[in-house]
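When a ligand or atom number is given, it counts from 1 through the structure's own listing order. Note: hydrogens, waters and symmetry copies are ignored here, and every other heavy atom, side chains too, is used.
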Amino acid sequence: MVLGDQLAQPHPALEALHPSRDALWMAEVPGESLHVPSHTARTVLFLSAMRHFARRQREDGWTLHYHALGEHRHHTLESVLEADLRRLRPCEVQVLQPGEIRVQRGLEAACRSAGVTLTVLSDPLFLVSLEAFSEWAGARKQPRMEHFYRDQRRRLDVLMEDGEPAGGQWNFDAENRRHFGREGPGRLPTPKAFPPDALTRKVIQTIAEQLPDLPGRCEDFDWPVTPAQAREALDDFIAHRLPYFGRYQDAMWGGEPWLYHARLSAALNLHLLGPREVIAAAEGAWHSGHTPLAAAEGFVRQILGWREYVRGLYFHFGERWHEWNALEAGEPLPALYWDANTEMHCLHEAIGQTLRLGYAHHIQRLMVTGLFAQLLGVQPAAIHGWYLGIYVDAVEWVEMPNVIGMSQHADDGRMASKPYVATGRYIQRMSNYCTQCRYHPTEALGDDACPFTTLYWDFLDRHRDRFANHPRTALQWKHVEKMDTERLQAIRTQAAAIRERLRQGERL
Ligand code: FAD
Ligand code: SF4
C-alpha cells in the first residue's frame with residue numbers, strides 16, 4: 001500500500017517485493033480532503049503526485065489497484081481498503097510508517113476486520129528512526145532541538161571539519177534573520193514553476209466536480225508533482241536563492257510570497273525528494289564557494305534539525321498532542337482565517353496568499369497567523385485543523401508539533417521553553433505590512449490600536465502566574481508587572497471587545 005505522502009521512486013518498500021507475486025494498492029478518498037477542510041491546491045498536489053507515481057509504476061510492470069476519486073463510493077481509506085481486502089484476499093498488507101496516527105489506526109482497523117496481517121515498515125526516507133529518536137528524547141528532561149541538531153551533525157558528519165562544526169560555530173544567527181529595510185527586497189529571483197500538465201489538469205477538473213467546496217484556489221498551481229520536477233526545483237533553489245536564505249529567512253514583504261525560501265517542503269513531505277540529497281546539495285554549494293556557510297548552515301538546520309526533530313516529537317508523544325491545551329485557550333477560529341477579510345493588513349496578506357497558493361513561509365505562519373491565534377486564545381484543535389488543511393505541505397507529523405508546540409505553546413513547553421509572543425512592532429520591524437495598515441503597531445489602546453499589541457499585553461496579564469517567575473520568561477513579563485492598573489484594566493476591556501467582535505463575525 002502506498003500512501004499519498006510516500007511517493008519516492010524507487011519506493012523503498014518495493015525493494016523486497018516482486019511484480020510477479022505482489023501488487024500495489026492506492027486510493028483517493030474524499031474523507032482525506034474533508035476530515036479537515038483541505039485547500040484545493042493541497043488536494044490537487046497529493047492526487048496529481050499520486051497519479052504520476054501510479055503511471056510510472058504501471059510502466060515498470062507492477063500490478064496496481066488504484067481507486068480514483070469519483071470512481072468508487074467509499075468515503076474513507078479504511079472503508080475502501082477493507083472492501084478490497086475481502087475481494088482480493090492478500091496474505092499481507094505492507095505500508096511505510098504513515099505520517100498521521102489517525103491514518104494508521106484506520107488501516108489497522110480495516111486489516112483487523114478483514115483478517116489480514118498489516119506490517120508497518122519503518123520509513124528510511126527520514127534520517128532518524130523513531131526508535132532512535134525516542135531513545136534520545138527519553139534520556140532527556142528537556143529534549144531541545146539544538147542538542148538534537150548538534151548530535152545529528154556529528155553523527156552524519158554534515159558541515160563538520162575535524163570533528164568540529166565548520167566555521168567553529170554551530171549557529172550563525174547573528175548573520176541571519178535580517179529585515180529588508182525601507183527600500184525592500186529589490187529584484188527577487190523568480191522560482192522555477194511547474195504549470196499543470198494534462199494529468200494535473202484532469203485532477204483539477206475531478207476535484208472541481210467531486211469536491212467543489214474545498215477552501216483555497218488553484219489557478220496559480222505550479223508545484224512539482226514528480227521526483228524529476230522536485231530535483232529541478234531543488235537545483236533552482238540552490239543556484240538562485242540559497243545564498244540569501246539565512247540572511248532573509250525571517251523577513252516578510254507584501255506581495256512577495258517566496259522571497260529566498262526553498263519551496264521544497266511539499267516535495268520533501270510527499271517523498272518526491274529525500275532529505276539526504278537536499279542536505280548534500282546545500283553542503284556542496286558551500287564547499288564550491290557558491291554559498292556562504294551561514295546560509296548553508298541556516299538551511300541545513302531546518303532540514304536536519306527542525307524537520308527530523310518535529311517528526312520524532314510527533315511520534316514520541318503520539319495521540320497526546322490532540323489533548324494538550326496548556327494555556328486553556330477556548331476561542332473559536334475567527335472567520336477571517338477562511339476569507340482574509342480583515343483590516344489587519346499583515347493577516348490580510350498572509351491569509352490571502354495562503355488561500356491563493358496554499359503557502360506561507362515560516363515567519364508568516366509563526367509570527368502572523370500563529371501569533372494572532374495564540375494571543376487571541378484560539379482552541380488548539382481549531383487552529384490545528386486550519387493548519388493541517390490549508391498548507392500544501394501539511395502532514396500531521398510536521399504540522400502538529402509546529403502548531404500545538406512551537407506556535408501555540410499548548411504542549412506546556414515540551415517543545416519550546418517559552419511562547420513566541422510579540423506586539424505588532426515585531427511585524428513592523430520584519431515587514432512592510434504596517435505601512436499599509438489602518439492600525440498602529442505601537443498603540444495598545446484606542447480606535448487605531450493594533451489588535452496584536454492590545455492582545456499581547458492582555459496575554460501577558462492573563463498568563464502571569466505561569467510565566468512571570470520562570471527564569472526564561474520573567475524579563476518579558478516584568479513589563480506587565482510594572483504597568484499601572486488603570487492602563488491594564490483598559491487593555492483587558494479592549495481585548496475582551498476584540499474577542500467579542502470576532503466571535504460575532506464582525507470585521508476587524
Ligand atoms: P524554507 O523556509 O525554505 O525552509 C527549508 C525547509 O526546511 C522546508 O522545506 C522544510 O522542509 C524545513 N523546515 C523549515 N522549518 C521547519 C519546521 N519548523 N519544521 C519542519 N520542517 C521545517 N512545515 C511543513 O512542512 N508542513 C507543515 O504543515 C508545517 N506547518 C507549520 C505550521 C506552523 C504554525 C509553523 C510555525 C511552521 C510550519 N511548518 C510546516 C514549517 C515551515 O513553516 C515550512 O516547512 C516552510 O514554511 C515551508 O516552506 P519552504 O519549503 O519554502 O521552507
Ligand atoms: Fe498587523 Fe498591527 Fe501591523 Fe496592522 S499594525 S499590519 S495589524 S501588526
Side-chain angles (χ1 to χ4, degrees), residues 5 42 99 145 191 223 233-234 237 241-242 245-246 248-250 252 254 257-270 273 275 278-279 282 298-311 313-314 342-350 358-374 383-384 386-408 415-416 420 422-444 448-456 508:
D5 57 350
R42 175 175 182 258
M145 200 297 282
W223 296 102
L234 171 62
F237 166 67
R241 303 195 296 286
L242 176 64
F245 172 82
Y248 296 119
Q249 100 192 63
D250 286 2
M252 302 177 275
W258 317 118
L259 299 167
Y260 294 101
H261 289 275
R263 274 170 47 103
L264 292 175
S265 49
L268 275 160
N269 297 349
L270 269 64
L273 266 185
V278 173
I279 291 169
F299 181 69
V300 165
R301 168 181 293 267
Q302 309 306 315
I303 307 284
L304 177 58
W306 282 110
R307 187 168 182 273
E308 295 288 329
Y309 171 75
V310 297
R311 178 174 185 262
L313 278 187
Y314 172 72
T342 172
E343 290 191 281
M344 293 178 278
H345 193 68
C346 52
L347 282 167
H348 176 70
E349 279 269 347
Y359 178 88
H361 71 66
H362 187 70
I363 288 300
Q364 292 176 306
R365 296 188 207 195
L366 184 66
M367 297 306 285
V368 181
T369 45
L371 174 61
F372 191 71
Q374 179 170 31
I383 190 71
H384 153 66
W386 185 78
Y387 275 105
L388 183 58
I390 212 72
Y391 288 108
V392 289
D393 54 26
V395 183
E396 197 173 86
W397 65 263
V398 53
E399 174 274 336
M400 189 76 151
N402 271 302
V403 173
I404 298 301
M406 190 189 298
S407 135
Q408 303 299 301
M415 188 166 168
Y420 285 92
T423 65
R425 291 186 75 163
Y426 173 85
I427 295 173
Q428 181 187 36
R429 189 167 70 250
M430 297 311 293
S431 75
N432 65 340
Y433 294 152
C434 302
T435 58
Q436 295 160 61
C437 188
R438 87 156 202 69
Y439 299 113
H440 292 297
T442 49
E443 303 298 327
D448 294 337
C450 165
F452 282 77
T453 304
T454 313
L455 291 170
Y456 169 82
L508 200 67

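- Nearest-residue assignment for atom 38 (C) of ligand 1 (options L304, N402, V300; heavy-atom criterion): N402.
- Taking CH2 of W306 as the start and CE of M145 as the end, the distance is 5.0 Å to the nearest 0.5 Å.
- Ligand-side atoms of ligand 1 in range of H362: 18 (N), 36 (C), 37 (C), 41 (C), 42 (C), 43 (O), 47 (O), range being under 4.0 angstrom from any heavy atom.
- Taking the ring centroids of F452 and Y426, they lie at or beyond the 6.0 Å cut-off.
- Of all protein heavy atoms, the one closest to atom 28 (O) of ligand 1 is A394 CA, 3.2 Å.
- Between the side chain of Q249 and the main chain of H261, no donor-acceptor pair closer than 3.5 Å is present.
- Any N or O atom pair closer than 3.5 Å counts here, and I303 shares no such pair with ligand 1.
- Among the atoms of D393, some N or O lies under 3.5 angstrom from an N or O of ligand 1.
- Between Y387 and T369, the side chains place a donor N or O and an acceptor N or O closer than 3.5 Å (distance only, hydrogens not considered).
- A distance of 11.5 Å separates OG of S431 from CD1 of I363, quoted to the nearest 0.5 Å.
- Within the listing of ligand 1, atoms 9 (O), 51 (O) sit less than 4.0 angstrom from a heavy atom of L264.
- The structure places CG of L508 at 9.5 Å from CG of L347, a figure rounded to the nearest 0.5 Å.
- At the top of the distance list for atom 48 (C) of ligand 1, counting protein heavy atoms only, stands S265 OG, 3.1 Å.
- Shortest contact from atom 4 (Fe) of ligand 2 to any protein heavy atom: C437 SG, 2.3 Å.
- The shortest side-chain heavy-atom distance between L304 and P275 does not fall under the 4.5 Å cut-off.
- Looking at R263 against ligand 1, only its backbone comes within 4.0 Å, counting heavy atoms.
- Taking any N or O of W306, backbone or side chain, none lies under 3.5 Å from an N or O belonging to ligand 1.
- A donor-acceptor contact shorter than 3.5 Å links the side chain of R307 to the backbone of L268.
- Using a distance-only test at 3.5 Å, with no hydrogens or angles considered, a donor-acceptor pair links the side chain of Q374 to the main chain of Q408.
- With ligand atoms numbered from 1 in the order given, ligand 1 contributes 32 (C), 34 (C) to contacts under 4.0 Å with heavy atoms of V403.
- Under a 3.5 Å cut-off, the side chain of N402 and the backbone N or O of V310 do not form any donor-acceptor pair.
- Near H361, with a cut-off below 4.0 Å to any heavy atom, the atoms of ligand 1 are 47 (O).
- Among protein heavy atoms, the minimum distance from atom 23 (N) of ligand 1 is reached at V398 CG2, 3.6 Å.
- Listed for the N269 side chain is a donor-acceptor partner under 3.5 Å among the backbone atoms of D393.
- Screening F299, W258, Y260 for a ring pair (Phe, Tyr, Trp, His ring centres under 6.0 Å) involving F237 leaves a single residue, F299.
- For F245, the heavy-atom gap to ligand 1 drops under 4.0 angstrom.
- By the 30° and 60° cut-offs, the orientation of the rings of H348 relative to H345 is tilted.
- Atom 46 (C) of ligand 1 has as its closest protein heavy atom R365 NH2, 4.1 Å.
- Close approach to A360 involves these atoms of ligand 1, each under 4.0 Å from a residue heavy atom: 47 (O).
- A distance of 9.0 Å separates OH in Y314 from CD in E399, rounded to the nearest 0.5 Å.
- For atom 6 (S) of ligand 2, the closest non-hydrogen atom on the protein side is C346 N, 3.5 Å.
- At distances below 3.5 Å, not a single donor-acceptor pair connects side-chain atoms of R438 with backbone N or O atoms of E343.
- Of the protein's heavy atoms, H261 ND1, 2.7 Å lies nearest to atom 2 (O) of ligand 1.
- A donor-acceptor contact shorter than 3.5 Å is absent between the side chain of E349 and the backbone of C346.
- Using a 4.0 Å cutoff on heavy atoms, P275 does not count as a contact of ligand 1.
- Contact annotation: for W258 versus ligand 1, there are no heavy atoms closer than 4.0 Å.
- Separation of atoms OH (Y359) and OG (S265) is listed at 6.5 Å; rounding is to 0.5 Å.
- When only non-hydrogen protein atoms are considered, atom 15 (N) of ligand 1 lies nearest to Q302 OE1, 3.2 Å.
- Listed by number with element, the atoms of ligand 1 under 4.0 Å from a non-hydrogen atom of S407 are 34 (C).
- Within the 2.8 Å limit, C450 places at least one N, O or S atom next to atom 2 (Fe) of ligand 2.
- Atoms of ligand 2 found under 4.0 Å from any heavy atom of Y439 (numbered from 1 in listed order, with element): 5 (S).
- With a 4.0 Å heavy-atom cut-off, ligand 1 is reached by no atom of A266.
- Using a 4.0 angstrom heavy-atom cutoff, F299 counts as in contact with ligand 1.
- Residue side and main chain included, C434 places an N/O/S atom under 2.8 Å of atom 3 (Fe) of ligand 2.
- Counting the atoms of ligand 2 from 1 in the order shown, those under 4.0 Å from a heavy atom of M344 are 7 (S).
- Side chain of T453 to main chain of T423: no donor-acceptor pair is present (N/O by atom type, distance under 3.5 Å, no hydrogens or angles).
- When each atom of ligand 1 is checked for a heavy atom of L366 under 4.0 Å away, the hits are 36 (C).
- When only non-hydrogen protein atoms are considered, atom 3 (O) of ligand 1 lies nearest to A262 N, 2.7 Å.
- By the 4.0 Å heavy-atom criterion, Y391 is excluded from the residues contacting ligand 1.
- Inclusion of M406 in the set of residues having an N or O under 3.5 Å from an N or O of ligand 1 is not warranted.
- Only the side chain of N269 comes within contact range of ligand 1, with a heavy atom under 4.0 Å; no backbone atom does.
- Side-chain atoms of R425 do not come within 3.5 Å of backbone N or O of T442 as any donor-acceptor pair.
- Every atom of ligand 1 is numbered from 1 in the order shown, and the set under 4.0 Å from a heavy atom of L268 is 11 (O).
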- Between L259 and Y248, is a side-chain contact (heavy atoms from CB on, under 4.5 Å) present by the stated rule, with each step listed? CA-CA 8 Å; L259 299 167; Y248 296 119; 5.9 Å; no
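- Near G424, the atoms of ligand 2 lying under 4.0 angstrom from a non-hydrogen atom of the residue are 8 (S).
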